[in-house]
Undergrad: 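Here it is, the structure in full.
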Amino acid sequence: MSVAPDTVLGGPTLPQERRLVTALPGPRTQELQARKAAAVSSGVGVTMPIYAAAAGGGVVVDVDGNSLIDLGSGIAVTTVGNADPAVAAAVADQAARFTHTCFMISGYEGYVEVAERLNRLTPGDHPKRTALFNSGAEAVENAIKIARIATKKQAVVAFDHAYHGRTNLTMGLTAKSMPYKSGFGPFAGEIYRAPMSYPYRDGGLSGAEAARAALLQIEKQVGANNLAAIIIEPIQGEGGFIVPALGFLPELAAWCKANDVVFIADEIQTGFARTGAMFACEHEGVVPDLITTAKGIAGGLPLAAVTGRADLMDAPHAGGLGGTYGGNPVACAAAVAALDAFEHGGLIERAQQIGEIALARLNAAKQADPRIGEVRGRGAMIAIEIVDPTTGDPDAQLTGAVAKAAHAQGVIVLTCGTYGNIIRLLPPLSIPDHLLTEGLDVLLDALARN
Ligand SMILES: *Cc1c(COP(=O)(O)O)cnc(C)c1O
């Protein structure tokens, strides 16, 4: 029985099934695509051939009544599940009380509550403070501002394959030119790039060896006495789900500590149970000086944070940090509900289970298909790197074709990577096993047919 999409509410009670009732895009999506082309900047792309009507559990239902398996979570955002009932209720309740005062004008408890929880949940038991913002890029910009004013130094090091956002400062930190930077310069100064540990493509350097190479370059080309901060994603997201060799992150963090350099972990994609730990830094016991979070923090509402050492966070002058909407009360209410689920809802264990299921299935496929060069990731952040089996070169064309074929069969998967040859899986942690397995089957079938 199909229900008119207009009347369908989202959340986990949506039928948990892949169901295609039209070819994709369906007729109502096609109408919206035409309106989009006439009304929306073509600089804003849409990956999937659907327009959403409802979502929850492990599915996104489109305006034509198609139900697709969600292996993307809107780029690692709906980690607790889309339209999660507790998040939706918290949003409705807060929206009915007040939607905005500007925290810098009239304070409210939700903002303070989110800060207290982030201070407690992030790695390390030292005194911490938090400031809230609207987007990941804004959090990264503010982390750099804080590091600069606290150290009285200016240079910042980011890594090959890094992604930190699309604003001017964060474009400078982001590595990949197309589509993020090309034509949008000039970029901010005093940003330097260091080599990343990328075991599949750096000849298998150990973490210590890769860290030594990066730190030698940093010492020679920048100098610790000029360097305010190193910023790094503990597992790189847009750059290709690159998991650095064990030891790389701890070596960098130790060097920063010894040299009065702020170690910033950008956990915007990896944070909040995604990798099978509350934060990815925890896998190696790394305690960052500052940590940036966003994406999964508020179950789909826009919110971001910088959390870290109180002495650094309190370095800016009063009024030096802020913004009109930063820490919006509705987003904070959503975050409190989502953080409850991360802490008490068994989501860390669920991410680990999802990782075990996906890694087993994908590693078995790799044995049979040498075009899968590597399977990697942690928890519910898993990727395959697609290569030409004879040369080992990245095969972006095949990667795109496989993703497109999976989309046509009703599975939302995303690609990424500097070379465009990574298929990444970021399912909501609310996905039931049968949809995860079916989604992997469809993906691997799409690979086999291409
Ligand atoms: C998405 C992302 C950002 C930027 O976040 P926005 O909310 O899109 O500005 C920054 N860093 C990482 C690691 C990300 O994945």
Side-chain angles (χ1 to χ4, degrees), residues 43-47 72-79 122 131-145 147 156-176 179-181 184 187-188 191 193 196 198 229-244 249 263-275 279-281 286 288 290-308 323 325-328 331 334-335 338 377-383 414-418 422 424-426:
V44 182
V46 179
T47 301
S73 298
I75 320 187
V77 169
T78 54
T79 309
T122 48
L132 300 180
F133 304 98
N134 301 295
S135 68
E138 209 188 342
V140 169
E141 293 238 359
N142 279 278
I144 303 295
K145 283 163 64 173
V156 178
V157 162
F159 286 79
D160 287 335
H161 314 290
Y163 182 85
H164 298 292
R166 296 173 179 265
T167 57
N168 186 269
L169 178 58
T170 60
M171 274 194 294
L173 296 168
T174 290
K176 192 176 179 179
Y180 307 122
K181 304 169 71 167
F184 296 140
F187 305 112
I191 293 171
R193 200 161 301 284
M196 176 70 184
Y198 187 170
I230 282 179
I231 182 163
I232 189 164
E233 301 151 85
I235 297 175
Q236 288 182 320
E238 308 301 303
F241 278 33
I242 299 164
V243 186
L249 296 171
F263 182 82
I264 305 172
D266 180 348
E267 293 243 20
I268 288 168
Q269 192 153 158
T270 50
F272 304 110
R274 174 56 57 188
T275 68
F279 294 98
C281 277
V286 169
L290 298 178
I291 180 166
T292 54
T293 54
K295 292 200 163 92
I297 188 172
L301 277 283
L303 187 69
V306 183
T307 300
Y325 293 110
N328 169 271
R378 286 187 205 270
M381 183 172 182
I382 302 289
L414 312 175
T415 60
C416 67
T418 298
I422 314 292
R424 55 169 157 173
L425 306 178
L426 291 162

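Order of listing sets the numbers, starting from 1, for every ligand and every atom in it. Sequential numbering from 1 along the given sequence is applied to the chain's residues. Heavy atoms only: backbone and side chains are in, while hydrogens, waters and symmetry mates are out.
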Undergrad: If you take the centroid of each ring, where Trp contributes its six-membered ring, are Phe279 and Phe272 closer together than 6.0 Å?
TA: yes

Undergrad: Would you mind running through ligand 1 and noting each atom that sits below 4.0 Å from a heavy atom of Ser135?
TA: 7 (O), 9 (O)

Undergrad: Would Gly136 count as a contact residue for ligand 1, given that I'm defining contact as a non-hydrogen atom of the residue lying under 4.0 Å from a ligand atom?
TA: yes

Undergrad: Please identify which atoms of ligand 1 are closer than 4.0 Å to at least one heavy atom of Ala137.
TA: 4 (C), 5 (O), 6 (P), 9 (O)

Undergrad: Should we say atom OH of Tyr325 is surrounded by more than 12 heavy atoms from elsewhere, each under 6.0 Å from it?
TA: no

Undergrad: Please list, in number order, the atoms of ligand 1 under 4.0 Å from a heavy atom of Asp266.
TA: 10 (C), 11 (N), 12 (C), 13 (C)

Undergrad: Of Lys295, Gln269, His164, Glu238, which has the heavy atom at the shortest distance from atom 1 (C) of ligand 1?
TA: Lys295

Undergrad: Is the side chain of Arg193 donor-acceptor paired with the backbone N or O of Leu173 at a distance under 3.5 Å, no angle test?
TA: yes

Undergrad: May I ask you to check if ligand 1 and Ile268 share an N or O to N or O distance below 3.5 Å?
TA: no

Undergrad: Can you confirm whether Leu249 sits close enough to Cys281 that some side-chain heavy atom of one is under 4.5 Å from a side-chain heavy atom of the other?
TA: no

Undergrad: Scan the protein's non-hydrogen atoms and note whether one is under 4.0 Å from atom 8 (O) of ligand 1.
TA: no

Undergrad: Against heavy atoms of Glu233, which atoms of ligand 1 measure under 4.0 Å?
TA: 13 (C)

Undergrad: Say you draw a straight line from OG1 of Thr292 to CG of Asp266; how long is it, rounded to the nearest 0.5 Å?
TA: 3.5 Å

Undergrad: Applying salt bridge (charged side-chain N to carboxylate O under 4.0 Å, His left out) to Glu138 and Lys145, what does each step give before you reach the verdict?
TA: CA-CA 11 Å; Glu138 209 188 342; Lys145 283 163 64 173; over 6 Å; no

